[in-house]
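What follows is a short report on a single structure.
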Number of protein chains: 2
Amino acid sequence: MKILIIEDQQELVKNMVRYLNTESYLCEVAPDCETARRKIESFEYDCILLDVTLPDGNGLTLLNELKKDNKTDGVIIISAKNSIYDRIEGLNLGADDYLVKPFHLSELNARISAVIRRRKFSGQKLMTLNELTIDLPGKVVFIYKKKLDLTRKEYDLLLFFVSNKNKVVSKNSIAEHLSGSDMDVFDNLDFIYTHIKNLKRKLTQAGGSDNIKSVYGMGYKFEV
Amino acid sequence: MKILIIEDQQELVKNMVRYLNTESYLCEVAPDCETARRKIESFEYDCILLDVTLPDGNGLTLLNELKKDNKTDGVIIISAKNSIYDRIEGLNLGADDYLVKPFHLSELNARISAVIRRRKFSGQKLMTLNELTIDLPGKVVFIYKKKLDLTRKEYDLLLFFVSNKNKVVSKNSIAEHLSGSDMDVFDNLDFIYTHIKNLKRKLTQAGGSDNIKSVYGMGYKFEV
DNA sequence: ATGTCGGCATGAAGATCCTCATTATAGAAG
DNA sequence: CTTCTATAATGAGGATCTTCATGCCGACAT
């Protein structure tokens with residue numbers, strides 16, 4: 001899952017990134033509105049953390065721009081001020097949640113996963129597809145009650161498949177989802193093969209069926 | 001572990017429950033004395049958080065009732081007033097600890113686990129695990145009758161390990177136990193390494209076996 | 001002064017990830 | 001049907017990143 005952190009306080013950002021990395025999120029940082037705009041244009045994030053006070057403008061202004069493009073989904077406002085005005089304004093502009101500085105990282109984490117759950121999995125905490133069970137808050141996958149030991153990429157990949165089940169996803173979109181950095185072009189998509197192979201192996205070795213079908217020349221489809 | 005929260009401020013309760021849930025406590029809420037009485041009668045909680053100001057009476061009155069039934073064990077008083085009277089009164093009535101609003105959730109957590117820890121060991125004064133002997137009231141540790149010279153943190157750490165023996169404890173939970181927990185966020189968990197290293201050294205140098213095993217990426221486990 | 005504590009630097013150990021070379025397969029073309 | 005080419009699967013190994021161990025030192029309190 002990819003998160004954009006729009007925040008200029010370096011120290012805070014450092015802590016957030018470290019913590020969220022341990023929670024298996026891929027983070028990108030935009031220290032100002034300008035960078036944020038550029039990144040949001042070129043990529044779709046699962047969750048956006050938006051600080052209100054930024055060096056080159058107000059975060060709520062940025063949020064307002066996003067609203068026009070219907071891109072406010074998944075935005076969590078972060079503000080140092082405990083101002084009711086900011087809160088209401090932010091939520092009115094379509095933000096999903098609101099966090100007041102200083103906050104606990106565990107609370108941040110809880111809100112992020114809540115937002116993502118709401119967006120992608122209609123609020124469900126547990127997702128079941130035949131023999132497959134995914135515990136979203138716990139980030140654990142089971143097959144027939146048996147816990148799978150997946151790496152971060154494998155988990156991300158599986159989640160990406162599940163949230164696009166029965167649809168063909170291109171290798172490029174998979175690559176974008178899995179890669180941490182925001183490269184536009186991938187000179188080499190081979191690393192996908194490895195992750196798909198490993199995921200398939202772990203799924204089948206645990207007794208599951210192989211739902212990941214390759215669609216020649218198109219990409220892959222998770223059939224269920 | 002089950003916790004009863006006797007508190008009428010909904011917003012606060014919501015935050016406490018959410019936080020304590022992430023700490024894998026099970027929470028029940030009583031918004032007034034009446035509900036609290038009923039719940040305490042029908043169930044035994046590992047810890048009770050008791051607000052002093054409640055809509056239908058004073059929390060200390062409730063505590064007094066509990067004292068008559070010897071049920072004050074594990075009670076943490078919560079008060080908005082920083083009143084010495086309340087504090088002394090509460091502790092006199094048998095409360096285990098006292099917390100002044102507003103407080104950090106991490107501090108609340110630390111105190112709850114402290115109370116639970118205290119209660120867990122309350123029956124025994126001496127705890128023996130193979131060559132290891134812990135004199136709980138005296139806070140002294142022996143290996144083969146040989147007294148270990150542990151610092152406070154080292155002792156706390158050992159106790160935490162012992163009370164979670166054969167279970168993996170995360171570094172985060174260790175950090176929360178060891179710290180006075182005024183910190184919002186642990187930007188650095190390295191101090192744990194030092195204490196673990198020193199504890200291990202003291203244990204082995206005294207002739208004990210090294211029971212503290214690291215579980216890569218998970219934390220540590222005290223095997224016995 | 002002394003002991004305790006926590007941060008930092010370094011290096012080892014471990015896990016993860018990606019590249020690459022090779023083999024297998026699908027679809028197109030002859 | 002056979003051949004050819006593009007695409008996909010697989011296995012091995014090294015690069016990279018994370019986590020952990022250890023020693024050292026300054027800060028702080030007793």
Side-chain angles (χ1 to χ4, degrees), chain A residues 11 14-15 17-27 139 148-158 160-161 168-172 174-181 183 185-205 210-222, chain B residues 139 141 148-158 161 168-183 185-205 210-222:
Chain A
E11 194 59 29
K14 212 180 78 188
N15 283 328
V17 169
R18 174 170 37 211
Y19 185 82
L20 293 177
N21 276 340
T22 71
E23 295 294 327
S24 307
Y25 290 114
L26 296 167
C27 296
K139 298 197 172 83
L148 288 194
D149 186 25
L150 300 183
T151 71
R152 174 161 72 164
K153 300 269 180 194
E154 286 156 10
Y155 178 79
D156 273 6
L157 180 59
L158 178 59
F160 186 58
F161 274 133
V168 176
V169 290
S170 73
K171 282 194 298 178
N172 233 304
I174 293 174
E176 279 183 2
H177 212 82
L178 290 189
S179 89
S181 66
M183 357 179 186
V185 181
F186 297 94
D187 50 334
N188 191 346
L189 293 176
D190 285 357
F191 70 100
I192 287 180
Y193 290 134
T194 304
H195 292 304
I196 287 178
K197 172 192 52 171
N198 290 336
L199 178 58
K200 285 174 91 147
R201 178 172 44 77
K202 288 184 181 177
L203 288 173
T204 51
Q205 274 191 1
D210 185 6
N211 298 316
I212 302 171
K213 311 289 185 188
S214 86
V215 182
Y216 195 88
M218 301 273 113
Y220 290 87
K221 187 163 72 162
F222 188 83
Chain B
K139 298 195 174 174
V141 179
L148 287 194
D149 186 24
L150 300 182
T151 70
R152 195 182 66 79
K153 298 269 180 188
E154 286 157 8
Y155 177 79
D156 274 4
L157 180 59
L158 178 60
F161 274 133
V168 175
V169 290
S170 72
K171 282 193 300 176
N172 234 305
S173 66
I174 293 175
E176 285 181 2
H177 265 269
L178 289 189
S179 82
S181 83
D182 293 318
M183 336 187 192
V185 169
F186 297 99
D187 53 330
N188 193 343
L189 293 173
D190 286 356
F191 69 99
I192 286 179
Y193 292 135
T194 304
H195 293 303
I196 286 178
K197 173 190 52 172
N198 291 336
L199 178 57
K200 285 174 92 146
R201 180 172 44 75
K202 289 184 181 177
L203 287 174
T204 51
Q205 274 190 0
D210 185 5
N211 297 317
I212 302 170
K213 312 286 185 189
S214 87
V215 183
Y216 193 92
M218 301 272 115
Y220 289 87
K221 187 163 72 161
F222 189 82

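Note that these values count all heavy atoms, side chains included, but never hydrogens, waters or copies made by symmetry. By convention in this document, chain letters (A, B, ...) are assigned in the order of the sequence lines, proteins followed by strands, and residues within each chain are numbered from 1. These numbers come from a predicted model, not from an experiment.
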If we ignore hydrogens and angles and just use 3.5 Å, is the side chain of Lys153(A) paired with the main-chain N or O of Leu178(A) as donor and acceptor?
yes
Please name the pair of heavy atoms, one in Ala175(B) and one in Leu189(B), separated by the smallest distance, quoted to 0.1 Å.
CB-CD2, 3.5 Å
Arg201(A) CZ to dC17(C) P, straight-line distance once rounded to whole Å
13 Å
As a test of reading the structure: which of dC20(D), dC5(C), dC17(C) is closest to the side chain of Tyr193(B), going by heavy atoms?
dC20(D)
Rounded to whole Å, CG of Leu189(B) lies from C1' of dC5(C) at a distance of 15 Å
Please state whether the rings of Phe222(B) and Phe161(B) are parallel, tilted or perpendicular, taking 30° and 60° as the class boundaries.
parallel
Between dT22(D) and Thr194(B), is there an OP1 or OP2 to side-chain N/O distance shorter than 4.0 Å?
no
What closest approach, in Å, do Tyr220(B) and Ile212(B) show between heavy atoms, and which atom pair accounts for it?
CD2-CG2, 4.0 Å
Name the pairs: protein N/O against N/O of nucleotides 25-30 of chain C, kept only if under 3.5 Å.
from: dA26(C); atom 1: N3; to: Tyr216(A); atom 2: OH; distance (Å): 3.4

Is any side-chain heavy atom of Thr151(A) closer than 4.5 Å to one of Asn198(A)?
no
For dT7(D), take OP1 and OP2 only and decide whether either is under 4.0 Å from a side-chain N or O of Lys171(A).
no
How many whole angstroms separate atom CD1 of Ile192(A) from atom P of dT7(D)?
14 Å
Quickly work out the Lys153(B) NZ to dG3(C) C1' distance and round it to whole Å.
14 Å
Hey, which of these two, Lys197(A) or Arg152(A), hits DNA chain D nearer its 5' end, going by closest nucleotide?
Lys197(A)
Round to a whole Å and report the spacing from NZ of Lys200(A) to P of dA8(D).
11 Å
When every non-hydrogen atom of Leu20(A) is compared with those of Cys27(A), the smallest separation belongs to CB-SG, 3.7 Å
Whole Å only: how far is the CD1 atom of Ile174(A) from the C1' atom of dA8(D)?
12 Å
CG of Asn198(B) versus C1' of dG3(C): gap in Å, rounded?
12 Å
OP1 or OP2 of dA21(D) less than 4.0 angstrom from a side-chain nitrogen or oxygen of Tyr220(B), does that happen here?
yes
Starting at atom CD of Glu154(A), determine the distance to atom P of dT16(C), rounded to an integer number of angstrom.
8 Å
Are Thr151(A) and dA15(C) close enough that a side-chain N or O sits under 4.0 Å from OP1 or OP2?
no
Among His195(B), Lys200(B), Arg201(B), Lys202(B), which one satisfies side-chain hydrogen bond (donor to acceptor under 3.5 Å, both in side chains) with Glu154(B)?
Lys202(B)
Between Asp190(B) and Asp149(A), who's closer to the 5' end of DNA chain C by nearest nucleotide?
Asp190(B)
